[in-house]
Number of protein chains: 2
Amino acid sequence: MPRLSKDQCLSDLKLRILSTALAPGSDLDETTLAEHYGMSRTPMREVLHRLAGAGFITTSENRGAKVASMDIGTMRTFFQTAPMIYANIASLAAEARTGPQLEALKDAQHAFTKATAAQDAQATALANHRFHAVIGEMAHNPYLVASLDRLLIDHTRLSQRFYRPANADEKMLIVKASDQHDALITAIEAHESALAIDLSLQHWDLSRDRMERYVRPDPLPVDVVSLKDRRNAV
Amino acid sequence: MPRLSKDQCLSDLKLRILSTALAPGSDLDETTLAEHYGMSRTPMREVLHRLAGAGFITTSENRGAKVASMDIGTMRTFFQTAPMIYANIASLAAEARTGPQLEALKDAQHAFTKATAAQDAQATALANHRFHAVIGEMAHNPYLVASLDRLLIDHTRLSQRFYRPANADEKMLIVKASDQHDALITAIEAHESALAIDLSLQHWDLSRDRMERYVRPDPLPVDVVSLKDRRNAV
DNA sequence: TGTATACTGATTGTATACATTTCCAACCCC
DNA sequence: GGGGTTGGAAATGTATACAATCAGTATACA
């Protein structure tokens with residue numbers, strides 16, 4: 001991959017991290033990356049420091065960089081925090097959104113539905129990222145956006161798994177999420193900030209349901225287990 | 001200032017920005033700074049990128065770095081956002097604080113009262129910064145802390161002005177703020193998160209009062225103006 | 001056999017030379 | 001005289017050589 005500009009390199013790395021092509025916790029080697037992007041180590045290090053500042057990676061002295069990790073503890077914190085931040089941002093977005101931003105939001109939602117139809121989990125997650133990032137822009141509040149950006153990193157990485165429906169029931173949940181996006185667009189367009197808050201909270205209730213199904217799946221059929229026990233006993 | 005380590009350089013620059021020794025919006029020159037800290041441009045640039053990532057400065061391609069600016073618009077956003085973030089963080093801090101963190105908090109508050117007694121506005125603002133940063137650590141929530149850190153940059157820079165009391169009335173407000181700090185420590189120590197929220201909100205009501213006095217000061221005595229008019233008329 | 005220590009290869013950190021871009025001012029042309 | 005152009009100084013961006021640090025291994029010694 002020769003001669004990408006620094007900005008392209010930055011956004012490519014972000015994409016690879018968000019899509020978990022670069023797994024959480026994995027090591028990043030300056031030299032290898034610099035060769036890969038066709039630049040010397042100096043600008044590559046600069047890119048890495050920016051990623052570190054934005055929370056995509058962590059660095060430690062003389063020990064290089066790692067993709068930011070995601071343990072079970074961060075997931076708990078994540079679901080604790082996300083509803084509040086997203087709801088407040090949606091509320092501000094409904095107040096302050098501009099016309100062009102609204103178009104960008106509709107674009108993102110269009111990409112989202114297209115990706116779900118194609119059953120492309122990665123594209124779905126990235127479109128979802130863009131959708132919520134645009135709402136962040138609308139809110140016009142750098143303090144909250146700092147928090148949102150961190151949340152979106154983990155949001156997108158987590159949701160890779162949930163946008164791969166295993167059955168009709170899970171497929172239904174994704175359709176419901178998409179409907180909520182549409183409703184949110186309408187609320188933001190109409191400057192209805194109270195409604196935007198409500199819809200955001202509903203959106204997160206849904207996410208938590210999906211999440212719980214994943215963490216605590218339907219138990220395996222009992223008779224298979226007992227069958228196995230019986231066979232062992234013979 | 002020869003041979004400071006990179007970390008020292010980083011925290012020194014943060015301090016100079018927080019204390020407004022480096023004014024908001026002022027230009028930063030790589031070469032000059034590198035000489036000043038006795039290092040070459042390469043590590044200096046690295047420090048600048050970190051500061052940019054943390055929101056202390058802004059950089060633009062081929063155009064160098066500036067200290068993050070503070071206009072009237074950001075102040076509005078600031079007061080809109082700060083109560084919510086600080087209150088939520090205080091609540092989490094009350095739940096999750098550890099013993100050593102509580103000691104650090106008491107230390108910061110000690111420094112705060114000492115600085116107010118000495119009428120040292122800069123030291124007061126920096127001690128206040130540390131006080132709220134420690135509460136952020138206690139909360140153990142990287143998403144909210146991202147937002148808090150941004151808020152604290154502007155909080156500390158703004159408050160330089162308010163910790164310089166012009167009269168007994170304003171002095172009283174600072175004493176009241178200090179009392180609220182003490183109450184907050186007690187609430188956090190006792191794991192009373194609901195109380196911590198309440199105290200945080202009160203703290204911000206006070207700040208807003210102080211702020212309003214600054215933006216909208218007591219009008220000048222009317223008769224002086226009329227006197228001047230009369231004299232002009234003669 | 002277990003532990004401490006010295007060596008070695010690999011990786012990160014720094015300095016410096018060089019390339020590129022920007023800014024500003026002098027200049028020319030209309 | 002005003003506006004656009006062009007030169008050059010000063011700044012930022014990049015590449016590369018070199019220094020410092022770390023991790024892993026082999027070796028010596030108890």
Side-chain angles (χ1 to χ4, degrees), chain A residues 1-17 20-71 153, chain B residues 1-17 20-71 153:
Chain A
M1 191 182 284
R3 299 261 119 226
L4 278 178
S5 83
K6 234 174 5 179
D7 281 346
Q8 290 172 311
C9 166
L10 189 72
S11 49
D12 184 65
L13 275 172
K14 282 184 182 174
L15 229 59
R16 285 167 74 189
I17 292 172
T20 62
L22 292 172
S26 58
D27 286 309
L28 297 172
D29 177 49
E30 291 180 2
T31 313
T32 312
L33 283 173
E35 276 172 23
H36 182 263
Y37 288 109
M39 56 175 70
S40 76
R41 279 177 51 222
T42 309
M44 192 66 237
R45 281 168 67 85
E46 179 184 321
V47 169
L48 290 178
H49 285 124
R50 294 202 178 192
L51 288 172
F56 285 83
I57 66 177
T58 59
T59 59
S60 50
E61 194 94 352
N62 292 317
R63 211 81 55 79
K66 283 178 184 294
V67 177
S69 60
M70 264 198 318
D71 52 28
I153 294 171
Chain B
M1 192 180 282
R3 299 262 122 226
L4 278 178
S5 84
K6 233 173 7 178
D7 281 347
Q8 290 172 311
C9 166
L10 188 73
S11 49
D12 184 65
L13 275 172
K14 282 185 183 173
L15 229 60
R16 285 167 73 190
I17 292 172
T20 62
L22 293 171
S26 59
D27 284 311
L28 297 172
D29 176 48
E30 292 180 2
T31 313
T32 312
L33 283 174
E35 275 171 24
H36 182 264
Y37 288 110
M39 56 175 70
S40 76
R41 278 178 52 224
T42 310
M44 191 65 235
R45 281 169 65 86
E46 178 184 321
V47 168
L48 289 178
H49 285 124
R50 293 200 182 199
L51 288 172
F56 284 83
I57 66 178
T58 60
T59 60
S60 50
E61 194 92 351
N62 291 318
R63 210 83 52 83
K66 283 180 184 294
V67 178
S69 60
M70 262 196 320
D71 51 29
I153 294 172

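The sequence lines fix the lettering, A, B, ..., with proteins before strands; numbering per chain opens at 1.
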What pairs of nitrogen or oxygen atoms, one from the protein and one from nucleotides 11-13 of chain D, lie under 3.5 Å apart?
from	atom 1	to	atom 2	distance (Å)
D:dA11	O3'	B:Asp29	OD1	3.4
D:dT12	OP2	B:Asp29	OD1	3.2
D:dG13	OP1	B:Asn62	N	3.1
D:dG13	OP2	B:Arg45	NH1	2.6
D:dG13	OP2	B:Arg45	NH2	3.2
D:dG13	N7	B:Arg41	NH2	2.8
D:dG13	O6	B:Arg41	NH1	3.2

Can you check whether B:Asp7's main-chain N or O pairs, donor with acceptor, with B:Ser11's side chain at less than 3.5 Å?
yes
Just so I know, are the side chains of A:Leu51 and A:Leu13 near enough to count as touching, which here means a heavy-atom distance under 4.5 Å?
yes
Roughly how many Å is it from CG in A:Asp27 to C1' in C:dT11, rounded to a whole number?
11 Å
Could I get the full list of salt bridge (Lys or Arg N to Asp or Glu O under 4.0 Å) partners for B:Lys66, not counting sequence neighbours?
B:Asp27
Pairing partner of D:dA30 (Watson-Crick or G-U wobble, both distances under 3.5 Å):
C:dT1
Rounded to the nearest angstrom, tell me the gap between atom CG in A:Leu48 and atom P in C:dT11.
15 Å
For residues B:Met44 and B:Leu28, determine if any side-chain heavy atom of one lies less than 4.5 Å from a side-chain heavy atom of the other.
no
So, OP1 or OP2 of D:dT14: does either fall under 4.0 Å of a side-chain N or O from A:Thr42?
no
Nearest heavy atoms of A:Val67 and A:Ala23, plus distance in Å:
CB-O, 3.4 Å
Can you give me the closest heavy-atom contact between A:Ala65 and A:Ile57, atom names plus distance?
CB-CD1, 3.9 Å
Just how far, in rounded Å, is P of C:dT11 from CG of A:Leu33?
12 Å
